[in-house]
Chemist: 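One structure, as structure tokens, below. Some questions next.
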Amino acid sequence: MLLGCIGDDFTGSSDLGNTLVKAGMRTVQYSGTPTDPADPDVEAGIVALKSRSLPVEEAVRLSLEALEWLQDQGCQQILFKYCSTFDSTPEGNIGPVAEALARELEADRVIFCPAFPATGRTIYQGYLFVGDKLLNESGMENHPLTPMTDADLRRWLAIQSTVGVGHVNAATIWQGADAVRERLDAEADAGNPFVICDAIRDDDLLTLGRAVDGLPLVTGGSGIALGLPDNFRRQGLLSPEGPVWEGQVGRVVALSGSCSRATRGQVAHHIGLGQPALEIDPREILAETFSAIDAAEWALGQDGVPLIYSSADPKAVSAIQSEYGTETVAHALEDFFADVARYLVDGGVTRLITAGGETSGAVVEGLGISQLEIGPEIDPGVPAIRAGEDLVLALKSGNFGARDFFDKAARMLGDEG
Ligand SMILES: Nc1ncnc2c1ncn2[C@@H]1O[C@H](COP(=O)(O)OP(=O)(O)O)[C@@H](O)[C@H]1O
Ligand SMILES: O=C(O)[C@@H](O)C(=O)COP(=O)(O)O
């Protein structure tokens, strides 16, 4: 293993896997820190944690445990992957986790770059944009767990960190990797080991990738991984065959517990195509008048790409949350989808598509999957994944994917993969 990655959530980790595979690295994602050694063919290993919204000490502890395992696998560089919208609070967890990793790795120059231009996340003059909106005007200021109320990443990271925070601006990046390295040196000399980096297009991320060649620790969104594989390729360390992928024939079902705008559009589009769709009413799940087995039996009786969804608009979501409590509803639905997935796989489903970060995490944990081999891209940020001999998955983060995602994912996971 050459590149060791620590992801702070599940779908975000497979987004990173997608970038690494596209750039030619054999990549495996692990559910939490494994206890056994990695397969010797793995070039990039991603330990997927659910540490984004945990208390700081717990996130740091889990991240250091992941670091130790990755170091034991021989990794030459560590990448800490967080969300392209820099999801965090004034307490953390991006700053404190990065500090703990930097201390352990004796890293005195650490870049921070959540940019992901393909999905509209860019950084200019230290400010993060989502499309043409500043982060704090993009809707992310209302996020239930990590409200992003400041688009100035230098200021936001500084609040979370005990070390100095500097900046590499776009003009420096456009001068090339040597100019970036000089700037990192200058910031380190000025007492700023943490450095926010602008990036508005993939070329900027490639330049940053070259600039951090040999540094022990890199941090960012999945975009920052674009340029890292080339550093290993130049040294002749990557397998010339690249990643391998084979599609999977068999039954397919899609599950959606994501209420994000993009997912709701995909659900509506799928229904519009005339595909079988079953809407789940959370009240019936909470009252136990409808069960996971009922849903699985429905899906197993359908043709095409059946979709089971609880995706609902913000008004419906907040109504049920205020009636029963946010956590109660979330846990009931996540447990429900995990149970449905188990029944479906037992019933012969070989291609499973899940929408929603928490929903996908619950499904993967429910299925007891510990290792995911990352395959080709379905849509930006979402790869096809092999989870076992007869099971392939697509785990979609709420905000990702084109309108025809469910149909396209079913095709990509199958023979056309
Ligand atoms: N109809 C609904 N009402 C309330 N909560 C819901 C509903 N459907 C799903 N949820 C919950 O909302 C959360 C969605 O989060 P997640 O799966 O991470 O999606 P996303 O990636 O879009 O944020 C989950 O905890 C899910 O169980
Ligand atoms: O960087 C991103 O936007 C994604 O990789 C990601 O982390 C998304 O998180 P969820 O929306 O919680 O799935």
Side-chain angles (χ1 to χ4, degrees), residues 5-20 29 46 48-53 80-88 94 113-121 128 130 135 138-140 142-146 148 219-225 255-267 279-286 308-338 340 354-364 366 379-383 395-401 405:
C5 311
I6 302 169
D8 71 353
D9 91 334
F10 225 88
T11 39
S13 293
S14 64
D15 168 18
L16 170 61
N18 183 54
T19 306
L20 290 168
Q29 173 176 337
I46 307 170
L49 303 175
K50 281 170 118 189
S51 54
R52 189 173 289 173
S53 302
F80 170 36
K81 193 275 175 193
Y82 38 78
C83 193
S84 59
T85 42
F86 212 67
D87 298 15
S88 52
I94 296 175
C113 186
F116 188 0
T119 57
R121 277 71 159 186
L128 180 57
V130 178
L135 176 66
S138 70
M140 282 304 295
N142 300 318
H143 191 283
L145 301 175
T146 48
M148 299 304 294
T219 86
S222 59
I224 198 60
L255 305 176
S256 176
S258 161
C259 299
S260 295
R261 192 178 299 161
T263 307
R264 285 185 283 122
Q266 290 151 357
V267 168
E279 182 171 7
I280 299 303
D281 179 351
R283 285 183 179 80
E284 290 192 37
I285 305 302
L286 289 158
I308 301 171
Y309 68 99
S310 67
S311 311
D313 63 35
K315 248 167 99 183
V317 171
S318 59
I320 187 134
Q321 284 177 338
S322 45
E323 198 178 332
Y324 291 92
T326 304
E327 289 295 300
T328 307
V329 182
H331 283 143
L333 284 169
E334 286 164 27
D335 289 350
F336 166 80
F337 280 116
V340 174
T354 61
E358 295 301 325
T359 308
S360 302
V363 164
V364 170
D379 268 330
V382 197
L395 311 175
K396 189 191 81 73
S397 157
N399 290 312
F400 288 171
F405 178 79

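All residue numbers refer to positions in the sequence shown, counting from 1. In this text, all values refer to a predicted model and were calculated from it rather than measured experimentally. Order of listing sets the numbers, starting from 1, for every ligand and every atom in it.
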Chemist: Out of all atoms in ligand 2, which are within 4.0 Å of some heavy atom of Gly357? Include the element for each.
Modeler: 13 (O)

Chemist: Quick one: does any side-chain atom of Thr263 pair with a main-chain N or O of Gly398 as donor and acceptor, under 3.5 Å?
Modeler: yes

Chemist: Give a yes or no answer on whether the side chain of Gln266 reaches the backbone of Gly401 with a donor-acceptor pair at less than 3.5 Å.
Modeler: yes

Chemist: Taking non-hydrogen atoms only, is Phe400 closer than 4.0 angstrom to ligand 2 via side chain, backbone, both or neither?
Modeler: side chain

Chemist: Check this for me - ligand 2, Thr85, N or O atoms closer than 3.5 angstrom, yes or no?
Modeler: no

Chemist: Minimum heavy-atom separation for Ile285 to Ala332, with atom names?
Modeler: CG2-O, 4.0 Å

Chemist: Under 4.0 Å from any heavy atom of Asp15, which atoms of ligand 2 are there?
Modeler: 1 (O), 2 (C), 4 (C), 5 (O)

Chemist: Do Ser256 and Ser311 pass the side-chain hydrogen bond (donor to acceptor under 3.5 Å, both in side chains) test, and can you show the C-alpha distance, the side-chain angles, and the key distance before you say yes or no?
Modeler: CA-CA 6 Å; Ser256 176; Ser311 311; 2.7 Å; yes

Chemist: Quick one: does any side-chain atom of Gln29 pair with a main-chain N or O of Thr11 as donor and acceptor, under 3.5 Å?
Modeler: no

Chemist: Give a yes/no verdict on whether any heavy atom in Lys81 is under 4.0 Å from an atom of ligand 2.
Modeler: yes

Chemist: Which residue and atom name correspond to the protein heavy atom nearest atom 13 (O) of ligand 2, and how close is it?
Modeler: Thr11 OG1, 2.6 Å

Chemist: Relative to ligand 2, is Asp9 under 4.0 angstrom through side chain, backbone, both or neither, heavy atoms considered?
Modeler: side chain

Chemist: Below 4.0 Å from any atom of ligand 1, which residues have a heavy atom? Give them in chain and number order, please.
Modeler: Gly257, Ser258, Cys259, Ser260, Pro282, Ser310, Ala312, Val317, Ile320, Val329, Ala330, Leu333, Glu334, Gly356, Gly357, Glu358, Thr359, Gly398

Chemist: List the steps, then state whether side-chain contact (heavy atoms from CB on, under 4.5 Å) holds for Thr119 with Asn399.
Modeler: CA-CA 9 Å; Thr119 57; Asn399 290 312; over 6 Å; no

Chemist: Go through the side-chain N and O atoms of Asp87 and Thr85 and say whether any donor and acceptor fall under 3.5 Å apart.
Modeler: yes

Chemist: For atom 8 (C) of ligand 2, which of Gly7, Ser222, Ser397 has the closest heavy atom?
Modeler: Ser397

Chemist: Can you pull out every side-chain hydrogen bond (donor to acceptor under 3.5 Å, both in side chains) where at least one residue sits in residues 322-332? Sequence neighbours excluded, please.
Modeler: Arg283-Glu323

Chemist: Ser260 side chain to Ser258 main-chain N or O, any donor-acceptor pair under 3.5 Å?
Modeler: no

Chemist: Taking distance alone, with no angle check, do Arg52 and ligand 2 share an N/O pair under 3.5 Å?
Modeler: yes

Chemist: Any atoms of ligand 2 less than 4.0 Å from a non-hydrogen atom of Ser84? List them with their elements.
Modeler: 1 (O), 2 (C), 3 (O)

